[in-house]
2 protein chains.
Amino acid sequence: MDEALKIFQALSDSTRLAVFQCIRGCGGETAYDTETGCCDATEPGAVALCDVKCQVPCSPSTLTHHLNVLRDAGIIETDRRGRQVYVQINGAALAKVASFLVNTK
Amino acid sequence: MDEALKIFQALSDSTRLAVFQCIRGCGGETAYDTETGCCDATEPGAVALCDVKCQVPCSPSTLTHHLNVLRDAGIIETDRRGRQVYVQINGAALAKVASFLVNTK
DNA sequence: CAAATAATTCGACAATCATCAAACTATTCG
DNA sequence: CGAATAGTTTGATGATTGTCGAATTATTTG
């Protein structure tokens with residue numbers, strides 16, 4: 001399945017996997033960091049890019065690049081709200097690949 | 001998890017994914033091809049490299065390279081029997097990554 | 001032992017790709 | 001409007017990596 005290949009490629013870079021994990025973990029309800037002021041997710045399951053950047057050390061352009069790869073693979077979805085772009089995980093795509101992995105034969 | 005990263009890297013190449021699928025599909029009971037004589041798996045769940053090579057078009061050295069990557073990632077296991085090396089899938093490793101993918105938060 | 005089959009090792013080469021800086025667009029706010 | 005914040009676009013560059021051919025090792029068999 002070609003869809004699975006794209007997802008594997010998207011998750012095959014350490015920085016990109018960190019971004020992925022950040023979006024997943026930070027999108028929850030309790031992930032606010034009072035020290036840095038980062039990760040002030042306004043709703044469950046969505047994070048602003050600027051908050052991701054706080055936790056994954058890379059330049060803005062690199063982050064944009066990685067997000068494009070993740071989005072093209074169908075792993076995440078983005079929508080802009082005012083100045084910020086919010087990101088969230090597409091669970092369905094992940095579930096499909098997970099079943100592909102486990103599926104015998 | 002660093003283990004997951006390695007597995008994603010291993011499956012992020014189209015040729016390697018083809019090898020993976022070949023081992024999985026061909027390792028079954030009924031995959032013998034009377035035309036080419038390929039894929040004469042002697043036991044369920046194991047395939048000889050020469051049979052994989054029949055189905056995935058690449059040079060022997062390339063195949064060896066890909067198998068090393070897959071083995072280092074823990075996806076497959078190999079053992080030599082006489083002239084041939086047999087390969088089989090390590091289901092446990094795949095199951096672990098599958099649950100990593102689905103796992104929310 | 002010699003020949004044949006199966007697989008590995010080694011180098012080299014081409015292509016892909018992650019990264020960044022700089023310049024730019026988009027949006028809010030004073 | 002002008003300043004500030006948030007992201008994107010566009011090269012360029014350095015590193016990684018997939019591929020192969022040639023030489024080599026391992027094993028069986030005549």
Side-chain angles (χ1 to χ4, degrees), chain A residues 2 5-23 26 36-42 46-73 75-88, chain B residues 2 5-23 26 36-42 46-73 75-88:
Chain A
D2 201 35
L5 176 63
K6 250 191 177 176
I7 291 190
F8 292 140
Q9 287 174 337
L11 297 176
S12 70
D13 175 72
S14 62
T15 303
R16 215 147 48 216
L17 190 60
V19 170
F20 169 75
Q21 299 246 54
C22 175
I23 295 173
C26 197
T36 64
C38 283
C39 206
D40 56 345
T42 56
V47 204
L49 295 203
C50 49
D51 298 325
V52 174
K53 207 176 54 184
C54 282
Q55 302 191 25
V56 180
C58 68
S59 72
S61 54
T62 299
L63 181 58
T64 295
H65 166 65
H66 287 317
L67 290 166
N68 284 334
V69 175
L70 290 170
R71 181 159 14 87
D72 289 351
I75 296 177
I76 62 171
E77 286 156 3
T78 62
D79 73 308
R80 177 160 218 140
R81 296 181 214 158
R83 232 185 321 211
Q84 301 170 30
V85 168
Y86 282 79
V87 198
Q88 58 183 332
Chain B
D2 202 35
L5 176 63
K6 252 191 176 176
I7 292 189
F8 292 140
Q9 286 173 336
L11 296 177
S12 70
D13 173 73
S14 62
T15 303
R16 215 145 51 214
L17 190 60
V19 170
F20 169 76
Q21 299 246 55
C22 175
I23 295 172
C26 197
T36 63
C38 284
C39 207
D40 54 348
T42 57
V47 204
L49 295 203
C50 50
D51 298 326
V52 174
K53 206 177 54 184
C54 282
Q55 302 190 27
V56 180
C58 69
S59 73
S61 54
T62 298
L63 181 57
T64 295
H65 167 65
H66 286 318
L67 289 165
N68 284 335
V69 175
L70 290 170
R71 181 162 11 92
D72 289 351
I75 297 178
I76 61 171
E77 285 155 5
T78 63
D79 73 309
R80 177 160 218 141
R81 295 179 213 162
R83 224 177 338 204
Q84 301 170 30
V85 169
Y86 282 80
V87 199
Q88 58 183 331

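A note on names: the letters A, B, ... follow the listed sequences, proteins ahead of strands, and every chain is numbered from 1.
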Nearest whole angstrom, please: distance from the [atom2] of [N] to the [atom1] of [X].
{"X": "Q9(A)", "N": "dG18(D)", "atom1": "CD", "atom2": "P", "result": "10 Å"}
{"X": "L67(B)", "N": "dG18(D)", "atom1": "CG", "atom2": "P", "result": "13 Å"}
{"X": "D79(B)", "N": "dA26(D)", "atom1": "CG", "atom2": "P", "result": "18 Å"}
{"X": "R71(A)", "N": "dG7(D)", "atom1": "CZ", "atom2": "P", "result": "13 Å"}
{"X": "N68(A)", "N": "dT9(D)", "atom1": "CG", "atom2": "P", "result": "7 Å"}
{"X": "R16(B)", "N": "dT17(D)", "atom1": "CZ", "atom2": "P", "result": "9 Å"}
{"X": "L70(A)", "N": "dA18(C)", "atom1": "CG", "atom2": "P", "result": "10 Å"}
{"X": "H65(B)", "N": "dC20(D)", "atom1": "NE2", "atom2": "P", "result": "11 Å"}

Subject >> Donor on one side chain, acceptor on other, S61(B) and T64(B), under 3.5 Å >> reply: no
Subject >> Short side-chain donor-acceptor distance under 3.5 Å, Q84(B) and Y86(B) >> reply: yes
Original post:
Ignoring hydrogens and angles, does a donor from either the side chain of S61(B) or the base of dG21(D) sit under 3.5 Å from an acceptor on the other?
Top reply: yes
**OP:** Identify, between G82(B) and T15(B), the residue whose nearest nucleotide on DNA chain D lies closer to the 5' end.
**Re:** T15(B)
Subject >> First of S14(B) and R83(A) reached from the 5' end of DNA chain D, by closest nucleotide >> reply: R83(A)
Subject >> Non-hydrogen side-chain atoms of L11(A) and R16(A) separated by less than 4.5 Å >> reply: no
Original post:
Within a strict 4.5 Å, meaning less than it, do heavy atoms of the R81(B) and D79(B) side chains meet?
Top reply: yes
Original post:
Of the nucleotides dT19(C), dG7(D), dA7(C), which one has an atom closest to the side chain of Q84(A)?
Top reply: dG7(D)
**OP:** Counting heavy atoms from C-beta on, name the nucleotide in dT8(D), dA7(C), dT19(D) closest to the side chain of R80(B).
**Re:** dA7(C)
Original post:
Can you tell me if the side-chain N/O atoms of T62(B) get under 4.0 Å from OP1 or OP2 in dT19(D)?
Top reply: no
**OP:** Look at the side-chain N and O atoms of H66(A) and state whether any lies under 4.0 Å from the OP1 or OP2 oxygen of dC17(C).
**Re:** no
Original post:
Can you name the nearest heavy-atom pair linking D13(B) to L5(A), along with the distance?
Top reply: C-CD1, 3.8 Å
